[in-house]
Amino acid sequence: MKTEGMRNQFFLTRNKLKEVADHLSEPEADFQPEGFSNTVRWQLGHLLVSAESFMFGYPQVGSPVPEIYASFFERGTAPSRWQRSAPSLTELKKQLEAQEKRLAELPDEYWSEKITSPIPGMDIKDREGLFHLLLHHEAMHLGQIQSIKRLIAVESR
């Protein structure tokens, strides 16, 4: 199966993401180190919303992820501009877990579907290409989360 390696890479990254998130408290999830424009809570929500958008057409197409999440976590948002309380860490972790299961259940033919509105400036023509972008995106943000987590440990000494 062509997508097996991609799926394995996704689950490897997502499992590490969940491992890091499982060892965070609510206050730690909101710690914003100097020089960073966001928090671990934002990173987790951003990965949830981005993957939902890339793979499932969120928010235009029905999704179990609440539409309000877009106002917290889409590209260009920041915790410093939130007008209400963001979803809890527990809720974000549940949503990430459910999303992972939905991605695992996608049939092989899904990946070759052509997309109608490719991302500007990128030569992405099908869902497999979007999944490659998702893999890169998840790994990049996992690195940011791990950096913030290290800074949390330094601050708590």
Side-chain angles (χ1 to χ4, degrees), residues 1-24 26 29-30 36-79 81-149:
M1 170 196 325
K2 185 176 181 182
T3 59
E4 187 173 347
M6 294 186 322
R7 289 180 187 187
N8 290 342
Q9 180 64 46
F10 173 76
F11 293 120
L12 176 72
T13 305
R14 190 55 77 93
N15 286 336
K16 187 62 177 175
L17 178 74
K18 290 186 301 187
E19 178 185 310
V20 172
D22 282 344
H23 295 94
L24 280 176
E26 289 286 337
D30 292 322
F36 285 75
S37 59
N38 50 56
T39 63
V40 173
R41 183 183 315 277
W42 182 90
Q43 295 278 346
L44 294 172
H46 177 69
L47 289 173
L48 172 69
V49 165
S50 296
E52 201 67 18
S53 175
F54 291 165
M55 297 289 93
F56 301 109
Y58 174 87
Q60 293 80 13
V61 177
S63 167
V65 175
E67 283 187 47
I68 189 76
Y69 282 28
S71 67
F72 290 108
F73 305 120
E74 279 186 337
R75 185 173 186 233
T77 60
R81 295 192 299 272
W82 290 347
Q83 300 296 310
R84 60 179 79 81
S85 295
S88 71
L89 193 54
T90 300
E91 181 59 27
L92 289 173
K93 290 190 292 187
K94 279 197 276 188
Q95 289 282 353
L96 286 163
E97 186 74 33
Q99 182 183 69
E100 183 179 324
K101 288 176 183 165
R102 286 185 292 119
L103 277 165
E105 294 169 355
L106 292 170
D108 289 343
E109 57 273 7
Y110 175 86
W111 303 102
S112 60
E113 285 180 20
K114 301 298 178 203
I115 56 174
T116 56
S117 53
I119 296 171
M122 298 188 144
D123 190 26
I124 298 175
K125 295 180 172 82
D126 56 24
R127 296 209 181 272
E128 180 183 347
L130 276 176
F131 197 58
H132 281 282
L133 177 62
L134 173 66
L135 295 175
H136 167 75
H137 189 249
E138 291 251 343
M140 181 183 69
H141 283 280
L142 173 59
Q144 290 291 307
I145 290 168
Q146 290 171 318
S147 294
I148 294 171
K149 180 88 166 139

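The analysis underlying the following values was restricted to heavy atoms, covering all of them including side chains, and did not include hydrogens, waters or symmetry mates.
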Legend entry - Rounded distance (nearest 0.5 Å) linking atom CD of Gln9 with atom CG of Leu135: 6.0 Å
Inset, instruction - Please answer whether the main-chain N or O of Gly57 pairs with a side-chain N or O of Glu52 as donor and acceptor at a distance below 3.5 Å. - result: no
Legend entry - Residue Glu113 excluded, over 12 heavy atoms near CD under 6.0 Å: yes
Inset, instruction - Please check if any side-chain donor atom of Gln99 sits under 3.5 Å from a side-chain acceptor atom of Gln95, or the reverse. - result: no
Inset, instruction - Flag the pair Asp126 / Ile115 as yes when at least one side-chain heavy-atom distance between them is below 4.5 Å, and no otherwise. - result: no
Legend entry - His136 atom NE2: more than 12 heavy-atom contacts under 6.0 Å: no
Inset, instruction - For the residue pair Pro79 and Phe72, establish whether any side-chain heavy-atom pair is separated by less than 4.5 Å. - result: no
Inset, instruction - Mind listing the closest non-hydrogen atom pair of Thr39 and Asp30 along with its distance? - result: CG2-O, 3.4 Å
Legend entry - Within 6.0 angstrom of Lys16 NZ, more than 12 heavy atoms from elsewhere: no
Inset, instruction - With rounding to the nearest 0.5 Å, note down the distance linking CD in Glu19 to CD in Gln146. - result: 9.0 Å
Legend entry - Mutual orientation of the aromatic rings belonging to Phe131 and Trp111 [parallel < 30°, tilted 30-60°, perpendicular > 60°]: tilted
Inset, instruction - Decide yes or no for Glu100 and Leu96: does some side-chain heavy atom of the first lie under 4.5 Å from some side-chain heavy atom of the second? - result: no
Inset, instruction - State, with a plain yes or no, whether a side-chain heavy atom of Arg14 is found less than 4.5 Å away from one of Leu17. - result: yes
Legend entry - Exam field: side chain Gln83 to backbone Arg81, donor-acceptor pair closer than 3.5 Å: yes
Inset, instruction - Using a 4.5 Å cut-off on heavy atoms from C-beta on, say whether the side chain of Ser112 contacts that of Glu128. - result: no
Inset, instruction - May I ask you to say whether Glu91 pairs ionically with Arg41, meaning some side-chain N is under 4.0 Å from a carboxylate O? - result: no
Legend entry - Nearest atoms (heavy-atom pairs only) where Leu89 meets Ala21: CD2-O, 4.3 Å
Inset, instruction - Check the side chains of Glu138 and Thr13 for a donor-acceptor pair under 3.5 angstrom, ignoring hydrogens and angles. - result: no
Legend entry - Rounded distance [0.5 Å steps], CD in Glu97 versus CG in Leu48: 12.0 Å
Inset, instruction - Look up atom OG in Ser50 and atom NE2 in His141, then write down how far apart they are to the nearest 0.5 Å. - result: 6.0 Å
Inset, instruction - State, to 0.1 Å, how close Tyr58 and Ala70 come at their nearest heavy-atom pair, and which atoms those are. - result: OH-N, 3.2 Å
Legend entry - Side-chain heavy atoms of Val40 within contact of Lys149, under 4.5 Å: no
Legend entry - Side chain to side chain, Thr77 and Asn38, heavy atoms closer than 4.5 Å: no
Legend entry - Heavy-atom check, side chain of Arg84 versus side chain of Ile68, under 4.5 Å: yes
Legend entry - Aromatic ring pairing Tyr69/Phe73, orientation class (parallel under 30°, perpendicular over 60°, tilted between): perpendicular
Inset, instruction - First locate atom CG of Leu92, then atom CG of Leu24, and finally report the distance between them rounded to the nearest 0.5 Å. - result: 11.5 Å
Legend entry - Parallel, tilted or perpendicular, as decided by the 30° and 60° cut-offs, for the rings of Tyr110 and Phe56: tilted
Inset, instruction - To the nearest 0.5 angstrom, please state how far the CE atom of Met122 sits from the NE2 atom of His132. - result: 13.0 Å
Inset, instruction - Would you confirm whether the ring centroid of His46 sits within less than 6.0 angstrom of the ring centroid of His137? - result: yes
